[in-house]
Amino acid sequence: MNIKNITYLVAAVAFACCVQSCEKELESYSHQESYLNFRFQKSNGDDMLNSELASSNSVVNTPVQYNFKTHGTIQQDTIWLQAKYIGFVTDYDREYTLEQIEVSGADNAVPGVDYVAFDNPEAQRVMVVKAGESNFLVPVILLRSSGLQKKDAILKVRFKENKNFKNGFSNMQTRIISFTDRLTKPAVWDEYNLDLLFGSYGDVKFQLMLDWSGLSWSDEFISEMYTTDKAYFDYLSALFKKRLAQENAERQSRGEDVWREADGTAISFSPALPPRP
């Protein structure tokens, strides 16, 4: 047998071993467990890797924020957290479970009072990964308790292993929700420089914006309108200025003071320019 034939024979044996090895790996992989992870996304929509999250703890610990005050009179609402699992998709639904993790020094949400407890049938019936899904949404049902008028409740959730799923990457196991029912400055107010449209933020002013417009003014609403229809914000700014002038005139005609913040500052919707460096 010449050298050329020996080379072909060795290559063929190596290929056969590789195929056999791959078949064994595939057979083993087909029986692996499924692992749950929350999804953390970059600004471009791509998922962050576990290694990236390990070096960016601030991302994992940044809470999803919700304010009942900017959502009308509803008494409960659902936060949807993005998640995914590692493993083969199935042709049948599978239940998963969540658990609360206490955060030291925080006003931790009380199950059954501030949110629907995860062992409640109402919550359990919607904690399901549908057949054929690998990416899914995790519902957390928040309740408008009276205590939220005086506090920001913190709810840290974690996947809990069950017969269907095991825990995945350590940095993708928890999410934090912060929610309240009192006036607070929207998290995206500064991000979109709303001082230039509506003047400096104030709680009384913000309540007037809610009352006069009948709109949500949640972070989601502000982000959507600013990016898709900023001209509408320009219209609202002019509307608020006109309404403020009318109401101040009516108040003064009754011998009342103009609208002011709690510290006595007169409310104005004129643009607040940033200080010069």
Side-chain angles (χ1 to χ4, degrees), residues 63-82 98 100 106-118 120-127 137-157 175-192 194 197-229 232-233 235-244 246-248 250-251 256 259-262 267 269:
V64 176
Q65 295 186 327
Y66 181 89
N67 193 336
F68 276 104
K69 185 67 73 176
T70 60
H71 288 77
T73 60
I74 60 174
Q75 296 304 303
Q76 72 175 49
D77 205 352
T78 303
I79 294 291
W80 298 92
L81 305 173
Q82 295 193 56
L98 295 174
Q100 179 180 10
D107 284 322
N108 288 280
V110 179
V113 177
D114 299 318
Y115 72 99
V116 175
F118 299 132
N120 185 297
E122 181 182 0
Q124 289 181 326
R125 69 180 178 81
V126 291
M127 289 194 291
L137 295 175
V138 175
V140 179
I141 306 172
L142 307 181
L143 302 176
R144 194 170 197 165
S145 67
S146 59
L148 294 177
Q149 296 176 9
K150 299 179 180 179
K151 70 177 181 180
D152 292 352
I154 298 297
L155 176 56
K156 185 174 184 178
V157 301
R175 291 303 306 264
I176 300 175
I177 302 170
S178 174
F179 58 109
T180 188
D181 187 21
R182 57 182 178 175
L183 287 175
T184 57
K185 186 178 183 178
V188 298
W189 183 282
D190 292 334
E191 179 181 346
Y192 294 116
L194 295 191
L197 287 170
F198 306 108
S200 299
Y201 174 84
D203 285 347
V204 177
K205 174 193 286 187
F206 193 44
Q207 183 66 64
L208 292 177
M209 293 170 65
L210 290 167
D211 294 341
W212 292 349
S213 67
L215 299 171
S216 159
W217 293 98
S218 63
D219 289 341
E220 297 82 4
F221 168 78
I222 293 173
S223 298
E224 179 180 359
M225 295 307 301
Y226 192 91
T227 55
T228 62
D229 193 6
Y232 186 55
F233 275 174
Y235 161 76
L236 288 175
S237 177
L239 181 68
F240 292 153
K241 290 176 184 176
K242 182 178 181 180
R243 179 70 178 268
L244 179 65
Q246 291 175 341
E247 292 215 0
N248 278 344
E250 293 174 0
R251 291 168 67 89
E256 300 175 2
W259 280 110
R260 296 182 184 275
E261 294 292 344
I267 291 175
F269 285 96

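We count residues from 1, following the sequence as given. When reading the values below, keep in mind they use all heavy atoms of this one structure, side chains included, and skip hydrogens, waters and symmetry mates.
- Considering all non-hydrogen atoms of both residues, Gly72 and Arg144 come closest at O-NH1, 2.7 Å.
- Taking NE2 of His71 as the reference point, atom CD of Glu220 lies at 5.0 Å (rounded to 0.5 Å).
- Under the salt bridge (Lys or Arg N to Asp or Glu O under 4.0 Å) criterion, Lys151 pairs with Asp114, sequence neighbours left out.
- No donor-acceptor distance shorter than 3.5 angstrom exists from the side chain of Thr78 to the backbone of Ile141, with no hydrogens or angles considered.
- Rounded to the nearest 0.5 angstrom, Ser178 OG and Asp152 CG are separated by 4.5 Å.
- Cation-pi geometry between Lys205 and Phe269 is met: the NZ or CZ atom falls under 6.0 Å from the ring centre, inside 45° of the normal.
- For the atom pair CZ of Arg260 and CG of Asn248, the computed distance is 9.0 Å after rounding to the nearest 0.5 Å.
- Looking at Arg243, its side chain never comes within 3.5 Å of a backbone N or O of Trp212 through a donor-acceptor pair.
- Here the CG-CD1 distance, from Leu244 to Ile267, works out to 7.0 Å after rounding to the nearest 0.5 Å.
- Closest non-hydrogen pair, Pro186 versus Trp217, comes out as CG-O, 4.2 Å.
- Considering all non-hydrogen atoms of both residues, Asp181 and Phe68 come closest at OD1-CB, 3.5 Å.
- Classification of the Phe240-Phe198 ring pair by plane angle, with boundaries at 30° and 60°, yields tilted.
- Looking only at distances, no side-chain donor or acceptor of Asn67 sits under 3.5 Å from a matching main-chain atom of Leu183.
- There is a side-chain donor-acceptor pair under 3.5 Å between Tyr115 and Gln100.
- You'll find the side chain of Pro121 stays beyond 4.5 Å of the side chain of Arg125, heavy atoms only.
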Check your understanding: Step by step, would you call Leu236 with Leu215 a side chain to side chain contact (heavy atoms under 4.5 Å, CB included)?
Key -> CA-CA 11 Å; Leu236 288 175; Leu215 299 171; 4.0 Å; yes
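- Contact record, Gln65 with Ala187: OE1-CB, 3.0 Å, taken as the closest heavy-atom pair.
- Taking each heavy atom of Gln207 and Lys69 in turn, the nearest pair found is OE1-CD, 4.3 Å.
- Expressed to the nearest 0.5 Å, how far CD1 of Ile222 lies from CE of Met225 amounts to 11.0 Å.
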Practice item. Evaluate the ring pair (Phe, Tyr, Trp, His ring centres under 6.0 Å) criterion for residues Tyr66 and Trp80: first the C-alpha distance (whole Å), next the side-chain angles of each, then the deciding distance (0.1 Å), finally the verdict. Key: CA-CA 11 Å; Tyr66 181 89; Trp80 298 92; over 10 Å; no
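- More than 12 heavy atoms of other residues, nucleotides or ligands lie within 6.0 Å of NZ in Lys185, so this atom counts as buried by the packing criterion.
- Checking Asp190 against Tyr192 by side-chain atom types alone, no donor-acceptor pair falls below 3.5 Å.
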Practice item. Could you give me the CA-CA distance, side-chain angles and deciding distance for Leu148 and Leu142, then say whether side chain to side chain contact (heavy atoms under 4.5 Å, CB included) is met? Key: CA-CA 11 Å; Leu148 294 177; Leu142 307 181; over 6 Å; no
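- For Val204 against Trp259, the heavy-atom pair with the smallest separation is CG1-CE3, 4.1 Å.
- Note on ring orientation: taking the six-membered ring where Trp is involved, the planes of Phe233 and Tyr226 are tilted (angle from 30° to 60°).
- Note that the CG atom of Leu197 and the OH atom of Tyr235 stand 15.0 Å from one another [nearest 0.5 Å].
- Remark: the backbone N or O of Glu122 is not paired with any side-chain donor or acceptor of Gln124 at under 3.5 angstrom.
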